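Read through the structure below, which is laid out as structure tokens, and then see the notes.
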Amino acid sequence: MADLLGSILSSMEKPPSLGDQETRRKAREQAARLKKLQEQEKQQKVEFRKRMEKEVSDFIQDSGQIKKKFQPMNKIERSILHDVVEVGGLTSFSFGEDDDCRYVMIFKKEFAPSDEELDSYRRGEEWDPQKAEEKQKLKELAQRQEEEAAQQGPVVVSPASDYKDKYSHLIGKGAAKDAAHMLQANKTYGCVPVANKRDTRSIEDALGDAMNEIRAKKRLRQSGEELPPTS
């Protein structure tokens, strides 16, 4: 019986020591603070969303505004604003390099920004519609000029003056004119005119006579070797 009672008492948890009680108390306090912070953060999000909903609603009702720029926000706040804008049927974009300095701009859908306008905001520049219109007109003008030049074909360059007139004071107008005729291209370029050819028949005859003389001398030598000398 005593052994049974001893085993039951030994299996029971010992009362927590003073150190364990302090650790548990701190853990409970930390959990309570964390819960309170979470509730505060949730409440801040709710209040921020309500404020953004009011600003977006005022923007929609104001017919004089086509876009609105907000102050820099953190990532969570930008996410909430984008959601409010989407619900309101608007368009929104975030701009800025650093995450803490990024801001949101909202636009009415009928005044959605062009690609050039968005590029301007991304570069940190203000959008000037008048300058953009002038730039577009210059671009279109340059494009039309290129198309017209392509249709006209290559440009033929003419000399400012005739070379005969340029050198007439040195060689005279008549000489310049004759020189111009002399410099005309020969239509029979690559062929020798008949008047400039030599008499090829006389050359062939001369070669034939020379060969005949050589053959005659050869026959005389051969006949001289065959016939005995005369006494």
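All figures in this text were calculated on a predicted structure; none of them were measured in a lab.
- Minimum heavy-atom separation, Asp83 to Arg49: OD2-NH2, 2.6 Å.
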Go through the steps to decide whether Phe111 and Thr91 satisfy the test side chain to side chain contact (heavy atoms under 4.5 Å, CB included), and finish with yes or no.
-> CA-CA 9 Å; Phe111 300 102; Thr91 304; over 6 Å; no

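- From Thr23, atom OG1 reaches atom CZ of Arg28 across 10.5 Å, with rounding to the nearest 0.5 Å.
- Comment: Lys108 does not engage Glu110 in a salt bridge, judged by the lack of any side-chain N to carboxylate O separation of less than 4.0 angstrom.
- The environment of Gln30 atom CD is sparse: at most 12 non-hydrogen atoms of other residues, nucleotides or ligands sit within 6.0 angstrom.
- Counting non-hydrogen atoms of other residues, nucleotides and ligands closer than 6.0 Å to CD of Gln71 gives a total of 12 or fewer.
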| task | Walk me through it: do Val56 and Val85 pass the test side chain to side chain contact (heavy atoms under 4.5 Å, CB included)? | result | CA-CA 7 Å; Val56 170; Val85 170; 4.3 Å; yes

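- No cation-pi contact links Lys109 to Phe107, judged by a cut-off of 6.0 Å to the six-membered ring centre and 45° from its axis.
- Note: the hydrophobic cluster containing Phe59 does not contain Met105 (ILVMFWY, side chain heavy atoms under 4.5 Å, direct or indirect links).
- Leu81 and Ile76 fall within a single hydrophobic cluster, where Ile, Leu, Val, Met, Phe, Trp and Tyr are joined by side-chain heavy atoms under 4.5 Å apart, directly or via other members.
- Across all their heavy atoms, Ile60 and Gly88 have their closest contact at CD1-O, 3.8 Å.
- Arg51 has no carboxylate O lying under 4.0 Å from a charged side-chain N of Glu47, or vice versa, which leaves the two without a salt bridge.
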Quiz item: side chain to side chain contact (heavy atoms under 4.5 Å, CB included) between Glu55 and Met52: does it pass, once the steps are laid out?
Solution: CA-CA 5 Å; Glu55 291 191 24; Met52 292 299 101; 3.7 Å; yes

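- Between the CD atom in Gln40 and the CD atom in Gln43 there is a gap of 9.5 Å [rounded to 0.5 Å].
- In this structure, CD on Gln143 lies 13.0 Å from CG on Leu138, to the nearest 0.5 angstrom.
- His82 NE2 to Phe93 CZ: the interatomic distance, rounded to the nearest 0.5 Å, is 9.5 Å.
- Heavy-atom minimum distance, Arg78 versus Met73: NH1-O, 2.7 Å.
- Within 6.0 Å of atom CD in Glu97, 12 or fewer heavy atoms from other residues, nucleotides or ligands are found, so the atom counts as exposed in its surroundings.
- For Asp58 and Lys54, the salt-bridge test passes: some basic side-chain N is under 4.0 Å from an acidic carboxylate O.
- Between the OG atom in Ser57 and the CG atom in Asp62 there is a gap of 11.0 Å [rounded to 0.5 Å].
- Under the 4.0 Å criterion applied to side-chain N and carboxylate O atoms, Glu29 and Arg25 are assigned as salt-bridge partners.
- For Gln65, the CD atom counts as densely surrounded, since its 6.0 Å shell holds more than 12 non-hydrogen atoms of other residues, nucleotides or ligands.
- Glu117 and Tyr121 share a side-chain donor-acceptor pair at under 3.5 Å.
- Within the model, atoms CG of Asn212 and NZ of Lys217 stand 12.5 Å from one another, a figure rounded to the nearest 0.5 Å.
- Salt bridge annotation for Asp115-Arg122: absent, with no cationic side-chain nitrogen under 4.0 angstrom from a carboxylate oxygen.
- Remark: side-chain polar atoms of Asn74 are paired, donor with acceptor, to backbone N or O of Glu77 under 3.5 angstrom.
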Passes salt bridge (Lys or Arg N to Asp or Glu O under 4.0 Å), Arg144 versus Glu148? Steps please.
CA-CA 6 Å; Arg144 287 197 301 269; Glu148 292 175 357; 5.7 Å; no

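- If you chain together hydrophobic residues whose side chains sit under 4.5 Å apart, Ile106 and Leu118 never meet in one group.
- Considering only residues two or more places apart in sequence or on other chains, Tyr103 meets the ring pair (Phe, Tyr, Trp, His ring centres under 6.0 Å) condition with Phe95.
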